[in-house]
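Some notes on the structure that comes next.
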Amino acid sequence: MKGDRVEIVVDAGDTTRTYDVVATRAGRRVETAVRRGVVEVSEVTRSGQAVRTARFMANRVLALVEQPVPGGPLREDPQAE
């Protein structure tokens, strides 16, 4: 959903760096994946094609914060019943 955002905080040796990946257009979403020691954050279209991807070494990532757009649809917890 447009406005979805993922903030990544990375250890850069003597300091930290912060990167943001944002869904820039309507119908796009941001997906995260951790594979083989790499954290991958992608902006994805409705059809599932990655528009832009950011990759970080997993041992350097300090924080991964997913921030949904305010007022967006709420996802129900299937275990709440």
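Here Gln49 contributes atom CD and Ser42 contributes atom OG; the two are 11.5 Å apart, rounded to the nearest 0.5 Å. Here Asp4 contributes atom CG and Glu66 contributes atom CD; the two are 9.0 Å apart, rounded to the nearest 0.5 Å.
Remark: Ser47 engages Thr45 in a side-chain hydrogen bond (donor to acceptor under 3.5 Å, both in side chains) (not counting sequence neighbours). Partners of Glu31 under the salt bridge (charged side-chain N to carboxylate O under 4.0 Å, His left out) rule, at least two apart in sequence or in another chain, are Arg29. Remark: Val61 engages Ile8, Val39, Phe56 in a side chain to side chain contact (heavy atoms under 4.5 Å, CB included) (not counting sequence neighbours). Residues satisfying the salt bridge (charged side-chain N to carboxylate O under 4.0 Å, His left out) criterion with Arg35, sequence neighbours excluded, are Glu40.
Val30 and Val34 fall within a single hydrophobic cluster, where Ile, Leu, Val, Met, Phe, Trp and Tyr are joined by side-chain heavy atoms under 4.5 Å apart, directly or via other members.
Other cluster members for Leu62: Val9, joined by side-chain heavy-atom distances under 4.5 Å among Ile, Leu, Val, Met, Phe, Trp and Tyr.
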Show me the donor-acceptor pairs within less than 3.5 Å that the side chains of residues 16-23 make with the rest of the protein, sequence neighbours left out.
unit_1, atom_1, unit_2, atom_2, d
Asp20, OD2, Arg5, NH1, 3.1

* Arg25 and Val51: side chain to side chain contact (heavy atoms under 4.5 Å, CB included), yes or no, with the steps? -> CA-CA 11 Å; Arg25 291 187 171 187; Val51 176; over 6 Å; no
